[in-house]
Amino acid sequence: LISKDTPLISKDTPLISKDTPLISKDTPPISKDTPPIFKDTPSKDTHPISKDTPPISKDTPPISKDTPPILDTPQDHKDDQNTQAPPPTAQAPPIAPPPPDPPLQHGPKTRDEALEERKRKQFPGQRAWPTLEDCTQTPPPRHILFTSTWLSVSAKGANVKEYVDLKSDVGNVTNLPHCNANFEKSKRTLDYLAGMESPPLTEYKAERGLQEVLCKIDGTYRTLDDMATRIHRALTMNSTSWVVTNLAALYWRVVGQGPPAVQCLKNALHYGPDNMRDVAYVSLANVLYRTGYEQDAAVVMQLSLEASPPLVVNHFTMANVLVAQGYLREAAGFYESTLHYQPRC
């Protein structure tokens, strides 16, 4: 704080007198071309004043406009060349940038692509549906053996016990149920298809999954030879029955014999009523598909769908045949219709 000994401004302290020179009328005014003066900003051609710079004495002549500017000389950097720079520190190798994303495919979406996208958005919490590219980039093998299908004659309202004797004893004799064709070739029996007369393109494998269907046709299990003999006897009594000929074709499918199965199915198509022909169509499509005639199998299943549109087995079999041909999008549609017509528990 101010002590009592601190001198104050006395009355003898000189103030600015009237003789102090001010800016006179002869002082030239500052023009617009005069650069502003910044006390701490050095010029681009001069060095900033450091702490080692000697002060300007009163004897130093003023810098005139003819004085050349002070520039850097090689001598000024002689000491810098003698000073060794510190060794560079080791740096980790740069990380390679990730590959760029593939370009987006612009353009209008097809109806099927829009439908697939809408289905994927319906299940946001679940795994996304595979896109069409996911399915087409990895096509299935040329020939796939799917689950065998068979349309039961009981599903069409036929009682097997009325056509085949399932009670009497057949003994130890085994007779095979061959079907004889006593009619000419016609469009009704699909003789225009290559697979109906040509030899199999692939090895026909036995459809053992249908053995239980045949051997337990009425709920009681019987051996395969026993059922073959019973069907043979039924054919002897009535060779034109569409029920018996379809059962005979089922037997040949179980043991893996394609040509005898095709012959029995031709009999079923020729003698059977129009509203029962889908039973033979489903079996025939399975045989043609397993012998390498996928295109013929698709034609037969189209006829079966026209005969009985709401039957689940028709849609499921058609989907399997289309997958074997590589038509995945069309097959997916028939798998969905299979679920649509499948009875819910």
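Rounding to the nearest 0.5 Å gives a distance of 12.5 Å between CG of Leu224 and CD of Glu212. Expressed to the nearest 0.5 Å, how far CG of Leu265 lies from CH2 of Trp242 amounts to 12.5 Å. From Lys167, atom NZ reaches atom CZ of Arg230 across 11.0 Å, with rounding to the nearest 0.5 Å. Note that CD1 of Ile217 is 5.5 Å distant from OG of Ser152, once rounded to the nearest 0.5 Å. Atom CG of Leu176 and atom OG1 of Thr229 lie 8.0 Å apart (nearest 0.5 Å). For the atom pair OH of Tyr251 and CD of Gln211, the computed distance is 10.0 Å after rounding to the nearest 0.5 Å.
Taking 4.5 Å as the limit, some side-chain heavy atom of Leu193 sits within range of a side-chain heavy atom of Met196. Counting heavy atoms from C-beta outward, Ser308 and Asn314 have side chains that approach closer than 4.5 Å. Arg188 places a side-chain heavy atom less than 4.5 Å from the side chain of Asp274.
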Side chain to side chain donor-acceptor pair (under 3.5 Å) evaluation trace for Tyr192 with Asp296
CA-CA 10 Å; Tyr192 58 89; Asp296 291 348; over 6 Å; no

Before giving the answer on side-chain contact (heavy atoms from CB on, under 4.5 Å), spell out for Glu197 and Val262 the whole-Å C-alpha distance, their side-chain angles and the decisive distance to 0.1 Å.
CA-CA 9 Å; Glu197 298 292 338; Val262 172; over 6 Å; no

Show your working on side-chain contact (heavy atoms from CB on, under 4.5 Å) between Leu190 and Leu303 and close with a plain yes or no.
CA-CA 11 Å; Leu190 306 180; Leu303 296 174; 3.7 Å; yes

Apply side-chain contact (heavy atoms from CB on, under 4.5 Å) to the pair Leu322 and Glu330, showing each step before the final yes or no.
CA-CA 7 Å; Leu322 291 174; Glu330 293 78 3; 3.9 Å; yes

Test side chain to side chain donor-acceptor pair (under 3.5 Å) on Arg290 and Ser148 and set out the steps.
CA-CA 10 Å; Arg290 288 176 173 269; Ser148 301; 2.9 Å; yes

Go through Asn238 and Val244 one step at a time and tell me if the side-chain contact (heavy atoms from CB on, under 4.5 Å) criterion holds.
CA-CA 8 Å; Asn238 186 4; Val244 180; 5.7 Å; no

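Remark: side-chain polar atoms of Ser337 are paired, donor with acceptor, to backbone N or O of Phe334 under 3.5 angstrom. At distances below 3.5 Å, not a single donor-acceptor pair connects side-chain atoms of Ser304 with backbone N or O atoms of Val300. Ser239 places no side-chain N or O within donor-acceptor distance of the main-chain N or O of Leu235, the cut-off being under 3.5 Å. A distance-only check finds a donor-acceptor pair linking the side chain of Lys156 to the backbone of Asn275 [under 3.5 Å]. Although no hydrogens or angles enter the test, the distance criterion places a donor-acceptor pair under 3.5 Å between the side chain of Thr236 and the main chain of His232. With hydrogens and angles disregarded, no donor-acceptor distance shorter than 3.5 Å links the side chain of Asp278 to the backbone of Ala307. Between the Arg222 side chain and the Leu166 main chain, a donor and an acceptor come within less than 3.5 Å of each other. Here the side chain of Asn267 pairs a donor or acceptor atom with the backbone of Asn180 at under 3.5 angstrom. In this structure, Asp218 contributes its side chain and Lys161 its backbone to no donor-acceptor pair below 3.5 Å. A donor-acceptor pair is defined here as one N or O able to donate and one able to accept, closer than 3.5 Å; such a pair exists between the side chain of Thr291 and the backbone of Leu288.
Proximity of the aromatic rings of Phe316 and Phe146 is defined here by a centroid distance below 6.0 angstrom, and this criterion is not met. Side-chain rings of His178 and Trp252 approach one another, their centers coming within less than 6.0 Å.
In this structure, Tyr271 places its OH atom where more than 12 heavy-atom neighbours from other residues, nucleotides or ligands lie under 6.0 Å away. Enclosure of atom CG in Asn172 is not indicated, since only 12 or fewer non-hydrogen atoms of other residues, nucleotides or ligands lie within 6.0 angstrom.
Shortest non-hydrogen contact noted between Ala249 and Ala261 is CB-O, 3.8 Å. Residues Met318 and Ala298 come closest through the heavy atom pair CE-O, 3.8 Å. Residues Ala158 and Tyr163 share a closest heavy-atom pair of CB-CE1, 4.5 Å. Listed here is the closest heavy atom pair of Ala297 and Ala285: CB-O, 3.5 Å. In terms of heavy-atom proximity, Ser198 sits nearest to Tyr293 at CB-OH, 3.1 Å. Taking each heavy atom of Gln342 and Val312 in turn, the nearest pair found is OE1-CG1, 3.3 Å.
The cluster map of Ile, Leu, Val, Met, Phe, Trp and Tyr, joined by side-chain heavy atoms under 4.5 Å apart, puts Val213 and Leu311 in the same cluster. Under the 4.5 Å side-chain heavy-atom criterion for grouping Ile, Leu, Val, Met, Phe, Trp and Tyr, Leu201 is connected to Tyr204 within one hydrophobic cluster. No path of Ile, Leu, Val, Met, Phe, Trp and Tyr side chains, each step under 4.5 Å between heavy atoms, connects Val170 with Leu247, placing them in separate hydrophobic clusters.
Using modelled atom types and a 3.5 Å distance limit, the side chains of His270 and Thr189 yield no donor-acceptor pair. Asn286 and Thr149 share a donor-acceptor pair across their side chains, judged by distance under 3.5 Å alone. Residues Ser283 and Arg253 bring a donor and an acceptor atom of their side chains to less than 3.5 Å of each other.
With sequence neighbours excluded, the residues that form a side-chain hydrogen bond (donor to acceptor under 3.5 Å, both in side chains) with Ser168 are Asp165. For Tyr281, the side-chain hydrogen bond (donor to acceptor under 3.5 Å, both in side chains) test picks out Arg277, with sequence neighbours left out.
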